[in-house]
Amino acid sequence: SMELEHGSFDELVIEPFLTADDPWGRLFFDLPTARKLLQDAVNGARERSVEVTIFWPATLPFDPSEFGLLGVGFFDQGRDIEEPVNTAVDVSVVIPVFNGERHIARCLDSVLNQNFNGQIEIVVIDDGSTDGTSAILGQYHGKHANLVVIRQENARQGVARNRGVISSRGDYVTFVDADDILPPNAVAELWHAARLEKADIAVGLVASWQEGSQAQRINQAYFHYSKAPSVVSSRTWPHVFYDPSCVGKLYRRDFLLQNRLFFPQSFHEDQAFCFKLWSVAARCAVAKSVVYLYVARTNDSQPSGTQTFSL
């Protein structure tokens with residue numbers, strides 16, 4: 001239960017924000033329970049003639065309208081976003097990183113060395129790193145004016161990506177994990193495909209690559225794109241639902257914001273994001289070349305799920 005103490009206040013502001021290990025997570029990822037929790041708080045405030053405003057985080061997997069709370073002020077952080085003053089950037093590359101001191105430099109170099117004639121902004125979200133990541137980012141920030149570093153307490157990759165999207169200035173956004181790399185022409189090929197087809201998204205092939213190897217293997221979740229037409233959507237090419245990852249794609253930033261396409265704070269955030277992405281029947285241009293490399297770390301004692309393969 002939730003009780004409001006008597007006091008001399010005129011407004012109650014509620015912000016249902018979850019951190020990675022927040023015990024409230026089981027409440028706010030269940031719609032009926034979350035609705036009841038917020039309604040109890042609203043009812044308690046009304047009994048005391050207190051106005052209620054809910055700051056709705058972009059990270060929650062529900063739209064505020066689903067709660068049916070009347071007489072409540074909503075500030076939707078996924079839509080009520082102040083647009084940046086300077087938007088003269090073609091592509092924002094969002095890179096979440098947590099304790100990535102061994103890999104972040106290689107990742108950043110691959111973005112900085114893109115063969116792209118437009119303007120690229122790099123937005124790195126340092127998700128509470130405790131190793132030497134922050135120092136490395138500081139060095140790169142001092143040398144590259146187009147690199148933005150945002151630091152936050154550890155809140156998981158989905159939250160970091162959301163913050164990157166909201167903070168970015170680009171017409172288009174793409175995501176790169178800190179232990180992976182972009183081939184030199186990745187941004188250019190995706191950007192040209194999106195512009196040519198007037199698409200909301202552009203997607204290319206994603207390959208797995210092992211350090212020290214010349215071989216690349218197309219990821220099976222992306223292989224079907226090699227057989228796809230130049231433009232697809234969930235209505236015309238249902239194979240898109242085989243694709244569970246947010247990387248290897250370029251998104252029109254306005255499209256993400258208008259459709260409230262954000263990542264949840266839970267595990268498997270990519271799958272939830274992609275299911276909603278394809279469910280809105282987005283128009284997607286297909287570039288049939290490798291635009292993203294998953295990197296297998298041969299000397300890592302704790303590889304991630306995308307790094308447990310061999311070539």
Side-chain angles (χ1 to χ4, degrees), residues 13-29 54-62 75-86 89 91-108 111-112 120-170 173-180 245-247 251 253 256-257 260-270 272-273 302 304:
V13 177
I14 302 173
E15 182 176 9
F17 179 80
L18 310 179
T19 58
D21 57 351
D22 200 317
W24 290 73
R26 69 183 189 280
L27 299 178
F28 277 106
F29 284 105
I54 299 179
F55 277 69
W56 196 259
T59 55
L60 288 184
F62 307 118
F75 181 89
D76 187 347
Q77 297 178 40
R79 293 198 178 106
D80 302 330
I81 299 171
E82 292 185 13
E83 289 300 315
V85 175
N86 178 12
V89 175
V91 176
S92 293
V93 180
V94 175
I95 306 174
V97 57
F98 172 72
N99 287 354
E101 63 179 7
R102 293 175 54 191
H103 317 286
I104 186 62
R106 180 184 61 193
C107 176
L108 291 174
V111 180
L112 290 165
I120 291 181
E121 170 192 53
I122 306 173
V123 182
V124 183
I125 310 298
D126 184 353
D127 191 30
S129 295
T130 57
D131 62 356
T133 298
S134 296
I136 296 171
L137 294 177
Q139 294 171 6
Y140 272 81
H141 182 260
K143 297 177 182 177
H144 303 282
N146 64 331
L147 192 150
V148 178
V149 178
I150 300 173
R151 293 182 175 85
Q152 65 180 31
E153 293 185 8
N154 181 249
R156 294 197 58 78
Q157 188 161 252
V159 176
R161 286 176 179 154
N162 292 336
R163 190 167 183 184
V165 172
I166 292 171
S167 303
S168 65
R169 299 183 296 125
V173 175
T174 190
F175 301 106
V176 183
D177 290 346
D179 50 4
D180 296 328
S245 177
C246 71
V247 301
Y251 309 85
R253 180 175 180 269
L256 295 180
L257 298 179
R260 197 179 174 82
L261 293 169
F262 295 102
F263 295 86
Q265 293 168 300
S266 60
F267 292 97
H268 308 295
E269 71 284 343
D270 274 35
F273 172 84
Q302 292 183 318
S304 73

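For the numbers below, each heavy atom of this structure counts, side chains included, while hydrogens, waters and symmetry mates do not.
- Summarising the geometry, atom CG belonging to Leu108 is positioned 11.0 Å from atom CD belonging to Gln139; distances are rounded to the nearest 0.5 Å.
- Annotation: the span from Phe98 atom CZ to Gln157 atom CD amounts to 11.5 Å, rounded to 0.5 Å.
- A donor-acceptor pair under 3.5 Å is absent between the side-chain atoms of Arg253 and the main chain of Arg169, judged by distance alone.
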### Message
Using side-chain contact (heavy atoms from CB on, under 4.5 Å), reason through Ile150 and Ser167 one step at a time and then give a plain yes or no.
### Response
CA-CA 9 Å; Ile150 300 173; Ser167 303; 3.5 Å; yes
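- Distance check: His103 NE2 to Ile136 CD1 gives 10.0 Å after rounding to the nearest 0.5 Å.
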### Query
Please walk me through it: do Leu112 and Asn146 pass side-chain contact (heavy atoms from CB on, under 4.5 Å)?
CA-CA 9 Å; Leu112 290 165; Asn146 64 331; 4.1 Å; yes
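- Asp131 contributes a side-chain N or O that, together with a main-chain N or O of Thr133, makes up a donor-acceptor pair within less than 3.5 Å.
- Nearest heavy atoms, Arg163 versus Arg151: NH1-O, 3.7 Å.
- Among all heavy-atom pairs drawn from Ile95 and Asp177, the shortest one is CG2-C, 4.5 Å.
- In this pair, Phe263 and Phe175 present their aromatic rings perpendicular. The plane angle is above 60°, beyond the 30 to 60° band.
- Atom CZ of Arg156 is separated from atom CZ of Arg161 by 10.0 Å, given to the nearest 0.5 angstrom.
- Atom CG in Leu256 sits 5.5 Å away from atom CZ in Phe273 (nearest 0.5 Å).
- If you take CD1 on Ile125 and CG on Leu137, they are separated by 10.5 Å, rounding to the nearest 0.5 Å.
- Side-chain contact between Asp127 and Pro96: absent, with no pair of heavy atoms (C-beta onward) separated by less than 4.5 Å.
- A 4.5 Å side-chain heavy-atom check between Ile122 and Tyr140 finds every atom pair outside the cut-off.
- The two residues Cys107 and Val176 make their nearest non-hydrogen contact at SG-CG1, 3.7 Å.
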